[in-house]
Amino acid sequence: MKPWVLLATAQTPGDGAELCLYQRDQEFAIQADDIELMNSRVFGSEKALATLACQKLTDDAKPRVLIGGLGMGFTVRSALDELGINARIRVAELVPAVVRWNRGVLAHLADNPLDDERVSVQEGDVANMIKRGRGAYSAILLDVDNGPNALTSMDNDWLYSIPGLETAHTALKPHGILGIWSSEQDAAFAKRLGQAGFDVEEFQVRSRGNKGGHNIIWIAERI
Ligand SMILES: C[S@@+](CC[C@H](N)C(=O)[O-])C[C@H]1O[C@@H](n2cnc3c(N)ncnc32)[C@H](O)[C@@H]1O
């Protein structure tokens with residue numbers, strides 16, 4: 001098997017991880033401090049995060065969706081495929097280099113989602129956009145770590161705390177959806193979602209179509 005080739009590195013702002021972009025033949029991987037954050041062959045559950053959330057938005061004539069973060073763009077692509085022409089998708093990505101990679105060497109992986117005119121990209125912490133939200137969003141989709149434990153940046157812990165979840169609740173429209181991706185189950189986190197005022201559904205999804213490992217997606221409705 002061919003070895004991985006390191007294409008680029010980038011430092012996460014603050015005290016965060018170093019991201020490394022690797023390629024092996026047609027396959028790409030992004031690692032955060034040597035832990036795989038994303039692989040271009042494994043995106044079933046990243047797409048399911050958007051599908052499960054956007055399918056709940058059928059009554060919203062002008063869906064407004066916030067997605068954090070960009071990764072390789074599979075969640076964004078899936079949201080675009082689910083939503084109509086009146087939708088607007090804002091993508092928050094903490095690491096500017098990830099945005100550059102998605103406009104360059106990674107762009108084809110999810111069929112160039114950043115070229116769609118419904119999409120706008122904000123370089124920065126999705127937490128800041130959630131704090132400014134105040135009833136703005138039909139859905140907020142979070143896939144910024146490997147689950148409700150900070151990995152990319154220690155500041156991400158706030159997103160999974162009761163204050164963070166209550167702020168996300170405030171940023172959503174009535175009956176808006178908070179969707180969160182996780183590599184594994186976390187009963188304490190699911191309980192916190194309920195405590196923050198959400199009606200919670202938990203889905204177990206496969207990472208590669210009907211194959212691969214199992215990941216967890218929480219679809220939490222603002223009540
Ligand atoms: C696992 S990847 C996302 C994968 C993505 N769902 C996809 O379909 O490819 C995590 C991404 O979140 C970004 N990220 C981490 N913390 C963030 C934050 N606080 N705000 C915005 N983006 C963040 C990382 O730089 C990385 O690009």
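Just follow the structure's listing: the first ligand is 1, and inside any ligand the first atom is 1.
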Could you tell me the separation between the CG atom of Asp111 and the CG atom of Leu80, rounded to the nearest 0.5 Å? 10.0 Å
Please output the residues near ligand 1 using a strict heavy-atom distance under 4.0 Å, listed in chain and residue-number order. Leu19, Leu37, Met38, Glu46, Gly69, Leu70, Gly71, Met72, Gly73, Phe74, Thr75, Ala92, Glu93, Leu94, Val95, Val98, Gly124, Asp125, Val126, Asp143, Val144, Thr152, Asn156
Among residues two or more places apart or on two chains, list those pairs meeting side chain to side chain donor-acceptor pair (under 3.5 Å) that have a residue in residues 54-72. Lys56-Glu201, Asp60-Ser138, Asp60-Lys173
Return a table of donor-acceptor pairs under 3.5 angstrom between the side chains of residues 125-133 and protein atoms on other chains or two or more places apart.
| from | atom 1 | to | atom 2 | distance (Å) |
| --- | --- | --- | --- | --- |
| Asp125 | OD1 | Ala127 | N | 2.8 |

Least distance between heavy atoms, Pro113 atom then Arg77 atom: CA-NH2, 3.7 Å
Could you check whether Trp218 and Phe189 have their ring centres less than 6.0 Å apart? yes
For Asn112, give me all partners under side-chain contact (heavy atoms from CB on, under 4.5 Å), at least two apart in sequence or on another chain. Ala107, Asp115
